[in-house]
Amino acid sequence: MATVENPPLGTSTLPGLGRTLVTAGKLEQKFAEDIFRKAQTSRSSFIAELIGSGALSATDLAHTLSLAFAAPLIDLDAIDPKRLPKGLLDNKICLDYRLVVLSKRHNRLIVATADPSDQQAAEKIKFATRQSVDWVIAEYDKLLKLVSSNSVSATESIENIVGDDFVFDDMVSEASNETSSTAASEVDDAPVVKFLQKMLIDAFSMRASDLHFEPYEHNYRVRFRIDGELREIASPPIAIKEKLASRIKVISKMDISEKRVPQDGKMKLKIGPDRVIDFRVSTLPTLFGEKIVIRILDPSSAKLGIDALGYDPAEKAHLLSAISRPYGMILVTGPTGSGKTVSLYTCLNLLNKPGVNIATAEDPSEINLPGVTQVNVNDKAGLTFAVALKSFLRQDPDIIMVGEIRDLETADIAIKASQTGHLVLSTLHTNDAPTTLTRMRNMGIAPFNIASSVILITAQRLARRLCPLCKQTIDLPQQALIDAGFKSEDLLGDWKPYHPVGCNACNNGYKGRVGLYQVMPISEEIQRIILRDGSALDIAKQARLEGVSTLREAGLIKVKNGLTSLEEVLAVTND
């Protein structure tokens with residue numbers, strides 16, 4: 001293959017390895033693109049297709065990459081496989097990405113690879129081991145041989161990934177008795193049991209909020225939602241999808257023989273003698289099997305206290321004043337996953353005293369709060385939000401929490417309860433506080449009832465919090481900051497926004513999340529606007545005059561305080 005003296009750099013579709021070889025003059029642009037298309041068609045790697053074509057030898061490729069990436073070169077023939085460290089990296093990752101771990105130095109893994117441009121492999125290793133990676137270049141054919149000799153079967157790998165120091169707390173014997181012998185053998189499959197347990201424990205230890213088990217035509221993947229972002233964690237053999245689904249459904253008290261309709265359930269995982277984790281489980285039939293999403297329910301989140309939620313002092317004062325009122329309605333709004341339930345339960349935890357009767361209706365109840373009467377609605381059985389609310393009013397309540405106002409009947413009963421001496425807390429799915437009032441009007445609620453019952457609305461979002469260990473300041477043009485929403489006076493002084501970097505203690509520069517809040521008390525003037533059927537724009541304009549910040553402005557304050565990045569605030573707010 002002839003080299004090119006001035007290789008073109010327009011390699012937008014090529015992987016990093018292809019761009020490097022074109023830049024180094026080892027491949028022509030068109031040839032590299034042809035190899036890339038072949039690799040995609042045959043579902044193989046670019047490097048395998050390249051060496052298979054004979055355009056470059058494994059030795060020539062290794063020497064070229066060693067120079068291009070300034071990485072050391074190693075001859076794997078001189079390595080004794082028996083002396084290589086064991087257990088530092090999952091065998092499946094090594095097999096999938098053609099990697100061999102050579103050693104560990106402090107918090108860094110020395111890993112042999114034929115493709116040091118593979119950022120996905122580096123991220124996978126970092127996420128799985130919490131270690132950084134130092135690449136060492138090896139010849140592809142020798143690496144392939146060593147990886148194959150070190151690999152174990154998928155079943156053996158699953159069997160050995162966990163121990164037996166934890167058990168499921170809610171094993172359902174009656175569900176197993178109703179199933180066929182085939183189903184019974186599926187749910188008792190030891191490798192699948194251990195794999196599921198490991199995924200649940202890993203998700204909890206990584207502070208994930210959800211686990212996604214997703215079957216596709218040719219593969220199966222497991223993803224965790226960590227700090228609001230989905231990350232692929234594992235790719236188990238697709239053959240386990242039926243057994244894994246059956247195992248989860250039995251523990252969650254679902255019908256494992258029913259695979260045609262969605263189902264919901266709950267399960268517990270006991271860790272040690274006094275620690276139990278709750279999970280909410282949802283199944284969904286798809287083209288290639290049942291997708292299962294498991295939500296981790298952490299009761300401790302409701303007991304963090306209002307200061308941990310991230311309210312500014314003025315916003316906190318407005319909220320505490322509202323929940324101390326004897327009657328009225330408080331609404332928390334925002335999209336799914338924005339922390340509404342945690343905010344409500346934090347308020348309930350402050351109000352939960354021996355002399356107060358609190359009742360909640362949810363679908364389903366996510367956090368167990370001792371001293372509070374909690375009811376799960378069940379539409380199939382006829383126990384709707386409206387029915388539960390009517391029953392609450394006959395139970396002498398002081399405070400009522402409704403998981404979500406979905407329809408006019410529920411809204412009407414909740415408003416009447418707030419007008420007759422009860423404090424009512426609930427949620428709605430709207431973009432911000434002003435549009436919440438017009439949404440209620442569109443549901444058919446009379447303006448007078450809205451104005452006389454709602455006392456405060458808080459809209460919220462969750463933004464990823466910058467890692468305090470690795471965040472760094474960044475120089476941004478003043479005009480860019482002004483375009484984002486900063487005022488000229490906000491830019492005075494020598495402060496600079498921070499941006500994510502990434503280290504062993506975080507996920508791509510972020511660790512945890514912080515709340516952005518728009519807290520809008522319903523003043524007399526806003527009540528007048530509601531009574532004359534004013535629009536959301538009219539309400540928003542009056543709220544601005546009364547000092548209510550938008551969600552974007554709340555986020556910019558967090559940026560100025562160094563809690564999150566500007567790009568994160570721009571992503572989660574739409575002002």
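Keep in mind that this is a model prediction, so the values were computed, not measured.
- Here the straight-line distance linking atom CZ of F224 with atom CG of D202 works out to 5.5 Å at 0.5 Å rounding.
- With a 4.5 Å cut-off on side-chain heavy atoms, R544 and T550 count as touching.
- The two residues P215 and T286 have their closest heavy-atom pair at CG-OG1, 4.1 Å.
- Annotation: side-chain hydrogen bond (donor to acceptor under 3.5 Å, both in side chains) contacts of Q119 (sequence neighbours excluded): none.
- Interatomic distance, CD1 of I47 versus OG1 of T113, reported as 7.0 Å (0.5 Å rounding).
- Remark: D490 engages no residue in a salt bridge (Lys or Arg N to Asp or Glu O under 4.0 Å) (not counting sequence neighbours).
- Residues G403 and T427 come closest through the heavy atom pair O-OG1, 2.5 Å.
- For D227, there are no salt bridge (Lys or Arg N to Asp or Glu O under 4.0 Å) partners two or more places apart in sequence or in a different chain.
- Using a 4.5 Å heavy-atom cutoff, the side chains of P191 and K243 are not in contact.
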Return all side-chain donor-acceptor pairs below 3.5 angstrom for residues 476-485, not counting sequence neighbours, or 'none' if the list is empty.
| from | atom 1 | to | atom 2 | distance (Å) |
| --- | --- | --- | --- | --- |
| Q479 | NE2 | D483 | OD1 | 2.8 |

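- Identified under the salt bridge (charged side-chain N to carboxylate O under 4.0 Å, His left out) test for residues 461-474, with sequence neighbours left out: E229-R464, R464-E568.
- Geometric assessment of R130 against the ring of F127 yields a positive cation-pi assignment under the 6.0 Å and 45° thresholds.
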Please table the atom pairs, donor to acceptor, closer than 3.5 Å between any side-chain atom in residues 332-342 and protein atoms at least two apart or in another chain.
| from | atom 1 | to | atom 2 | distance (Å) |
| --- | --- | --- | --- | --- |
| S338 | OG | P335 | O | 2.7 |
| K340 | NZ | G334 | O | 3.1 |
| K340 | NZ | P335 | O | 3.0 |

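- Among all heavy-atom pairs drawn from L462 and V572, the shortest one is O-CG1, 3.8 Å.
- The minimum heavy-atom distance between I292 and A245, with the atom names listed, is CD1-CA, 3.6 Å.
- Taking both residues in full, the closest heavy atoms of L143 and A112 are given as CD1-O, 3.9 Å, listed atom of the first, atom of the second, then distance.
- Between I125 and Y97 the shortest side-chain heavy-atom distance does not fall below 4.5 Å.
- Of the inter-residue distances, the one linking S252 atom OG with K268 atom NZ reads 12.0 Å to the nearest 0.5 angstrom.
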*Just do the side-chain contact (heavy atoms from CB on, under 4.5 Å) check on V501 and L466 with the steps written out, would you?*
CA-CA 9 Å; V501 177; L466 285 167; over 6 Å; no
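- The environment of Q120 atom CD is sparse: at most 12 non-hydrogen atoms of other residues, nucleotides or ligands sit within 6.0 angstrom.
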*Let me see the working for K496 and D475 under side-chain contact (heavy atoms from CB on, under 4.5 Å), right down to the final yes or no.*
CA-CA 7 Å; K496 292 181 181 179; D475 288 317; 2.8 Å; yes
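- You'll find the side chain of L196 reaches within 4.5 Å of the side chain of L244, heavy atoms only.
- D278 has no carboxylate O lying under 4.0 Å from a charged side-chain N of K266, or vice versa, which leaves the two without a salt bridge.
- Put simply, the side chain of T573 never gets that close to the backbone of L551: no donor and acceptor are under 3.5 Å apart.
- Screening E232, H212, M199, R231 for a side chain to side chain contact (heavy atoms under 4.5 Å, CB included) involving V222 leaves a single residue, M199.
- Distance check, rounded to the nearest 0.5 Å: CD1 of I539 to OG1 of T438 gives 6.0 Å.
- You'll find the side chain of M520 reaches within 4.5 Å of the side chain of L437, heavy atoms only.
- In K124, the NZ atom is crowded: over 12 heavy atoms of neighbouring residues, nucleotides or ligands sit closer than 6.0 Å.
- No side-chain heavy atom of S66 sits under 4.5 Å from any side-chain heavy atom of P72.
- A donor-acceptor pair is defined here as one N or O able to donate and one able to accept, closer than 3.5 Å; no such pair exists between the side chain of S565 and the backbone of H499.
- Not a single side-chain hydrogen bond (donor to acceptor under 3.5 Å, both in side chains) links N431 to another residue, sequence neighbours left out.
- You'll find the side chain of V548 reaches within 4.5 Å of the side chain of Q518, heavy atoms only.
- Every residue two or more places apart in sequence or in another chain was checked for a ring-ring contact (aromatic ring centres under 6.0 Å, His included) with F46, and none qualifies.
- In plain terms, the two heavy atoms of V377 and A361 that are nearest each other are CG1-CB, 4.3 Å.
- Atom CE of residue M267 and atom CD1 of residue I248 lie 6.0 Å apart, to the nearest 0.5 angstrom.
- Within 6.0 Å of OH on Y498 lie no more than 12 heavy atoms contributed by other residues, nucleotides or ligands.
- Using a 4.5 Å cut-off on side-chain heavy atoms (C-beta onward), Y311 and S343 make contact.
- Checked against salt bridge (Lys or Arg N to Asp or Glu O under 4.0 Å), E214 has the following partners two or more places apart in sequence or in another chain: R221, R223, K291.
- Here E404 pairs with R406 in a salt bridge; the nearest charged N to carboxylate O distance falls below 4.0 Å.
- With sequence neighbours excluded, the residues satisfying salt bridge (Lys or Arg N to Asp or Glu O under 4.0 Å) with R295 are D210.
- K558 NZ to Y517 OH: the interatomic distance, rounded to the nearest 0.5 Å, is 7.5 Å.
- Checked against side-chain contact (heavy atoms from CB on, under 4.5 Å), E362 has the following partners two or more places apart in sequence or in another chain: Y345, T360, S365, Q374, M401.
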*Decide side-chain contact (heavy atoms from CB on, under 4.5 Å) for L456 and L319; before the verdict, give the C-alpha distance in whole Å, the side-chain angles of both, and the deciding distance to 0.1 Å.*
CA-CA 8 Å; L456 180 136; L319 182 60; 4.0 Å; yes
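- F486 meets the ring-ring contact (aromatic ring centres under 6.0 Å, His included) test with W495; sequence neighbours excluded.
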